[in-house]
Every structure is written in C-alpha cells, then in structure tokens.
Amino acid sequence: MATFSLFQASLPSLRSSNPKSSNSLKSPNPRTHLFSIKCSKSSPFPPPPPPTPSTAKHRRPADENIRDEARRLHTTHNFSAKYVPFNAGPHSAESYSLDEIVYRSRSGGLLDVQHDFDALKKYDGNYWKALFDSRVGKTTWPYGSGVWSKKEWVLPEIDSDDIVSAFEGNSNLFWAERFGKQFLGMNDLWVKHCGISHTGSFKDLGMTVLVSQVNRLRKMNKPVVGVGCASTGDTSAALSAYCAAAGIPSIVFLPANKISIAQLVQPIANKAFVLSIDTDFDGCMQLIREVTAELPIYLANSLNSLRLEGQKTAAIEILQQFNWEVPDWVIVPGGNLGNIYAFYKGFYMCKELGLVDRIPRLVCAQAANANPLYLHYKSGWKDFKPVKANTTFASAIQIGDPVSIDRAVYALKNSNGIVEKATEEELMDAMSQADSTGMFICPHTGVALTALIKLRNSGIIGPTDRTVVVSTAHGLKFTQSKIDYHSNAIPDMACRFANPPMQVKADFGSVMDVLKNYLSEANQKV
Ligand SMILES: Cc1ncc(COP(=O)(O)O)c(C=O)c1O
Ligand SMILES: N[C@@H](CCOP(=O)(O)O)C(=O)O
C-alpha cells in the first residue's frame with residue numbers, strides 16, 4: 001500500500017407569543033402604523049413593517065437604485081442611543097453623543113452604547129418580532145442585512161444613506177445532527193455559522209456599524225482621515241473590506257507571522273495600509289491605542305463599543321431562527337472578549353423588550369495557551385491578571401490582555417455563565433471530528449466544541465438541552481492548521497482523526513487494490 005507524504009505536490013511552503021394584545025402591533029395609532037410608509041418628521045412611530053404581499057409596492061423606477069429608494073421612503077422615529085460608561089450606576093450623568101469620537105469614559109473605563117429603552121418599550125415584543133421577521137431575506141436597503149434589519153436597536157439615528165453594508169448577517173443556524181448524535185448523544189445541537197459571511201468571520205457584523213458611523217462622521221466633516229485596528233486577522237479583513245467599499249482609508253497593525261496567509265491577503269487585496277509588526281496582538285493593540293490618541297485615525301477594535309452593537313444582532317438572530325424560543329446554552333470562543341458581551345447584550349435586550357422571557361446560559365471558551373479569562377474565572381473572579389499568550393492553532397484568539405475583560409465578566413455573571421478551556425490537541429481533534437460530519441470549521445470553533453464536549457461529558461449540558469455553538473470564522477481561512485493535522489505533522493499531537501490522502505500508482509490494479517481495501521474496512525465500521 002502506498003504511503004502518504006505531506007501533500008507535498010500541491011502545497012506552497014507558506015503556512016405574538018403572549019402579546020400584550022394579541023394580533024395587534026401596539027402602536028398609538030395602528031392605522032398610521034399599518035398603512036403609512038412615510039411618517040411626518042415629528043412622528044413618534046418607528047418605521048412600519050414593509051407592506052404585506054397584497055399591498056406590495058411595484059418595482060422601483062428603473063433609474064432608481066435601492067439606496068435612492070430608501071431615501072425616497074425615508075421614515076422618522078424618536079429612538080436614540082448614546083455612549084455611557086460601561087456598567088455605570090443609575091446616578092451617573094456622564095454620556096456622549098455617538099457623533100463624538102470617544103472610546104473611554106472619564107475615569108478611563110469602557111463605554112457602552114445605551115439605547116432609549118423608554119422609547120423602544122412603547123412597542124411591545126410582538127411588534128418588534130413582526131418588524132424584524134418582516135425584513136428577513138429581502139433586498140430592501142438597508143434591511144436586507146441581518147444587522148440593519150434591527151436598525152432601531154443598533155444605530156437608530158443613522159441615515160440609511162450613510163450605511164455601508166454587504167448585507168451581512170442572516171447566517172446559517174446549522175443543525176449539527178450527526179456531530180450531536182455520534183459524539184455527544186445530543187439531538188438539539190446547532191452551530192451558528194457567523195463565519196460564512198462577507199469576509200469570512202463574525203467581524204462583519206460589527207464592522208458594518210462602525211464603518212457606517214465613520215461614513216456619517218466624515219460627511220459631518222469630523223476629523224477622521226482613516227480607520228485603524230490591531231488584529232489577529234479577522235478584524236483587519238472586515239475593516240479593510242468595509243472601508244474599501246466606502247472609499248475610506250484603512251490602516252491595519254498585524255503581529256508579524258502570527259496570522260494565516262488567507263487572513264493576511266484580505267487587507268492587502270482591499271488596499272489597506274498594512275503594517276506587519278514584530279510583536280504579538282497585545283503589542284499591536286497597545287500601539288494602535290497610542291497612535292489613535294495622536295492622529296485622527298478612528299479606532300475600529302472592539303474597545304470601541306459601536307462594534308458590539310452590530311455583533312449583538314447574531315444573538316437576536318438566533319432567537320429569531322428558533323421562532324423566538326430561547327436555547328438553553330450558547331457557547332462562544334473568546335479572545336479580546338467583546339463578542340461574549342455582545343451576545344449577552346443581544347439576549348438581554350430581547351428579554352427586556354418583551355420578545356422572550358429569559359436568556360440562555362453563556363459559555364466562553366478559550367484556548368489553554370491564551371486563557372486569562374479562564375484563569376480569572378477559576379480564581380473565583382479574584383484579581384484579573386493578563387497573561388503572555390502562547391502560540392495556538394486558534395490564532396485569532398491568541399490574546400493575553402483582552403480589552404473587554406470587564407464586559408465579559410459582567411456577561412458571564414449575569415447569565416450564570418461558565419468559562420472552559422481547550423488544549424491544542426483537544427481543539428484540533430474537535431475541529432476534525434466536526435469536519436468529519438460535514439462541517440469545515442475554524443480552530444476557534446474547535447475551542448468552543450471542546451467546551452461543549454467537556455460540559456456534556458460532565459453532565460452539565462444534558463442530552464436534550466438546546467445548545468448553540470457559535471462558529472466565528474470560515475474554515476477556509478485556516479487550512480494550514482488542517483493540513484498540518486491531517487499530515488500528522490504536529491509535534492506531540494496524536495492527530496487521532498487525521499485522514500491523509502493515499503499515494504497510489506497510476507495503474508488500474510493498484511487503484512483497485514486500495515479501493516477494495518478501503519471498502520471492506522469502511523463496511524466493517526458501518
Ligand atoms: C475567529 C475568531 N473567533 C473568536 C474571536 C474572539 O472574539 P472576541 O475577541 O470578541 O472575544 C476572534 C477575535 O478575537 C476571532 O477572530
Ligand atoms: N480576533 C480579533 C482580535 C481583535 O478583536 P477586536 O474584536 O477587538 O477587534 C481580530 O481578528 O483581529
């Protein structure tokens with residue numbers, strides 16, 4: 001039998017459920033609500049859902065595009081949002097307009113985008129569900145986006161004309177039937193494929209919001225000459241794509257030789273100014289913070305709370321995809337730790353605004369080689385200590401000093417959450433097992449699946465618990481890790497599920513021999 005040798009030929013050497021009133025969308029004036037598309041400037045009403053098929057408008061005029069159409073159908077409402085210090089008490093008076101360029105509170109703490117809940121609460125949960133549901137899968141600008149279909153809860157005051165969107169979101173919630181059954185004895189396991197997206201990661205959800213706001217600020221002649229980020233590869237890809245679409249200069253700081261080739265080529269192709277810096281992600285983050293304090297470059301990392309407004313829509317989307325039923329568990333891989341809070345906030349808003357009656361338990365999963373949150377959790381949330389992050393196949397979460405640590409702790413404490421960790425072998429095995437059932441996931445999703453396997457094995461997650469694992473990036477961005485694994489080329493790793501190709505001579509007899517062997521072995525396994 002021929003043996004496998006490292007893919008050598010083909011690879012480069014680079015590496016109205018219970019409505020307040022049934023059947024009625026609670027509005028001070030239901031007639032205005034249902035039949036009027038154009039609201040007056042002073043109207044207190046949010047934009048109504050698009051017309052039902054019977055009243056559907058005709059195709060827009062041939063010389064009008066979808067952005068023009070949105071301009072013509074412009075609606076007004078009185079929803080608003082502002083920056084406030086994160087987790088400030090009810091007596092804090094500090095706040096900032098979203099049109100200000102500010103990333104930190106006066107005391108140096110994190111900020112949060114606070115929505116006017118009193119205004120949003122004028123409409124009941126059924127109203128919001130119907131509105132959001134009515135927008136799914138359409139091409140109406142900007143609501144065809146999974147993020148902007150929740151515009152009133154994201155950036156309510158931005159003009160649709162200023163929005164920079166690739167119709168991101170609305171990602172597949174995949175029923176992991178075979179993985180759940182075969183490896184975990186579970187029947188209600190789901191993978192939210194946030195990485196099957198415009199630039200191949202969940203970062204698109206936040207970046208459409210941030211770049212749209214920058215677009216608005218530039219139109220207001222605010223001093224923003226470009227947008228910058230530090231990145232482990234996905235934030236930079238999303239930033240450069242959205243900036244390129246809007247014609248805004250982007251600048252990305254990348255830790256040299258620490259991100260995948262597929263990730264590196266993304267900002268290069270999108271004409272970003274790419275700095276490859278001889279440090280790790282935490283070093284790049286420190287530098288971009290210093291630089292954005294000096295130059296009129298807008299900071300695009302999740303330290304900027306605008307990003308999380310977009311990312312939180314993935315949580316709302318999960319509820320929507322379950323017909324507004326709440327899953328028991330949601331497992332999210334964590335690095336800089338903005339996303340775990342974004343999920344919490346999305347679920348929290350749905351509960352607070354009456355769309356659902358509870359929130360799921362959250363699990364944040366970290367690579368054992370970069371696990372400051374895990375250590376903090378295990379210490380009983382005593383003093384937080386950043387760590388020096390070691391190399392991990394889950395390279396996008398190789399972060400030792402996460403900027404959103406306080407947000408993550410808050411999210412986990414308020415969702416009865418858990419933190420888990422995955423060794424390199426565990427995360428690579430989990431990724432390979434998932435791939436063997438038809439997925440093609442990234443190593444970070446392998447980290448989240450490892451957390452699931454551990455919690456399932458310990459009985460904390462039950463066999464019938466409805467569980468969602470958040471897949472954060474596309475597997476195609478991380479093919480080198482899969483190649484190494486399936487080549488059995490990783491030192492000190494058994495690579496138990498490796499499936500190397502078989503080298504075979506180009507003659508009928510040899511091919512028949514290996515096939516017969518394979519088929520008899522495969523049949524024995526069935
Ligand atoms: C693919 C991927 N998964 C997970 C994460 C973790 O997200 P967060 O930094 O918001 O914790 C990141 C970025 O850090 C990422 O790029
Ligand atoms: N994984 C991230 C790390 C930076 O996270 P951010 O959410 O703060 O931008 C990346 O892809 O760069």
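Any value given below was found using the heavy atoms of this structure, including those in side chains, with hydrogens, waters and symmetry copies removed. In each ligand, atom 1 is the first atom listed, and ligand 1 is the first ligand listed. Computed from a predicted structure; not experimentally measured.
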heavy-atom search around atom 7 (O) of ligand 1 in the protein gives Phe202 CZ, 3.5 Å
Item to complete: Salt-bridge test for Lys222 and Glu100: reply yes if a basic N is under 4.0 Å from a carboxylate O, no otherwise.
Response: no
Counting heavy atoms under 4.0 Å, the part of Lys203 that contacts ligand 2 is side chain
- Query: Is there side-chain contact between Arg407 and Ile405, with heavy atoms separated by less than 4.5 Å?
  - Reply: no
Atoms of ligand 2 under 4.0 Å from any heavy atom of Asn336, numbered from 1 in the order shown, are 4 (C), 5 (O), 6 (P), 8 (O)
Taking every heavy atom of Gln263 against every heavy atom of Lys477, the minimum-distance pair comes out as CG-CD, 4.0 Å
Taking distance alone, with no angle check, do Leu337 and ligand 1 share an N/O pair under 3.5 Å?
yes
Look at Glu352 together with Arg358 and state whether they make a salt bridge at an N to O cut-off of under 4.0 Å. no
So for Asp234 against ligand 1, with non-hydrogen atoms under 4.0 Å, the contacting part is side chain
Atom 3 (C) of ligand 2 sits nearest the protein heavy atom Thr232 OG1, 3.4 Å
- Message: Is it the case that over 12 heavy atoms from other parts of the model lie below 6.0 angstrom from the CG atom of Asp278?
- Response: no
One finds that the ligand 1 atoms under 4.0 Å from a non-hydrogen atom of Ala396 are 1 (C), 2 (C), 12 (C), 13 (C), 14 (O), 15 (C), 16 (O)
Residue, atom and distance of the protein heavy atom nearest atom 3 (N) of ligand 1 read Thr472 OG1, 2.7 Å
If you scan protein heavy atoms around atom 9 (O) of ligand 2, the nearest is Thr235 OG1, 2.7 Å
Between Phe478 and Cys442 the two heavy atoms that sit nearest each other are CD1-CB, 3.6 Å
In this structure, atom 13 (C) of ligand 1 is nearest to the protein heavy atom Lys203 NZ, 3.0 Å
Closest to atom 6 (P) of ligand 2 among protein heavy atoms sits Ser302 OG, 3.4 Å
ask   = With a 4.0 Å cut-off on heavy atoms, does Gly233 reach ligand 2?
value = yes
> So is Ser302 in contact with ligand 1, going by heavy-atom distances below 4.0 Å?
Replying inline: no
In terms of heavy-atom contacts, Pro267 and Val274 come closest through CB-CG2, 4.0 Å
Does the distance from a Lys or Arg side-chain N to an Asp or Glu carboxylate O, for Lys421 and Glu426, drop under 4.0 Å?
no
A student checking ligand 1 against Ile397 at a 4.0 Å heavy-atom cut-off should list atoms 4 (C), 5 (C), 6 (C), 12 (C)
In ligand 2, the atoms that come under 4.0 Å of a heavy atom of Asp234 are 10 (C), 11 (O)
Practice task
May I ask you to check whether Lys192 and Ser171 show a side-chain donor-acceptor distance below 3.5 Å?
Solution key: yes
### Task
Before accepting this row, confirm whether a basic side-chain N of the pair Lys82/Asp99 lies closer than 4.0 Å to the acidic partner's carboxylate O.
no
For Ser231, the atoms of ligand 2 under 4.0 Å from one of its heavy atoms are 10 (C), 11 (O), 12 (O)
Q. Would you say ligand 2 has an N or O under 3.5 Å from any N or O of Gln311?
A. no
One finds that the ligand 1 atoms under 4.0 Å from a non-hydrogen atom of Ala473 are 1 (C)
If we number the atoms of ligand 1 from 1 as shown, the ones under 4.0 Å from a heavy atom of Gly338 are 8 (P), 10 (O), 11 (O)
Note: Gln311, heavy atoms under 4.0 Å from ligand 1, region reported as neither
for atom 10 (O) of ligand 1, nearest protein heavy atom and its distance come out as Asn339 N, 2.8 Å
Is the number of heavy atoms from other residues, nucleotides or ligands under 6.0 Å of Lys181 NZ greater than 12? no
Would you check whether Ala300 has a nitrogen or oxygen atom less than 3.5 angstrom from a nitrogen or oxygen atom of ligand 2? no
Looking only at protein heavy atoms, what sits closest to atom 9 (O) of ligand 1 is Asn336 N, 2.7 Å
Checklist entry - Strictly under 4.0 Å, does any heavy atom of Gly338 approach an atom of ligand 2? => result no
- Query: Charged N to carboxylate O under 4.0 angstrom, Asp429 versus Arg496?
  - Reply: yes
query = Gln320 side chain to Ala315 main-chain N or O, any donor-acceptor pair under 3.5 Å?
reply = no
Counting neighbours of CZ on Phe117 that are heavy atoms of other residues, nucleotides or ligands and sit closer than 6.0 Å, is the number greater than 12? yes
A student checking ligand 1 against Pro333 at a 4.0 Å heavy-atom cut-off should list atoms 4 (C), 6 (C)
If we number the atoms of ligand 2 from 1 as shown, the ones under 4.0 Å from a heavy atom of Arg307 are 6 (P), 7 (O), 9 (O)
Do Trp190 and Phe174 have side chains that get closer than 4.5 Å, going by heavy atoms? no
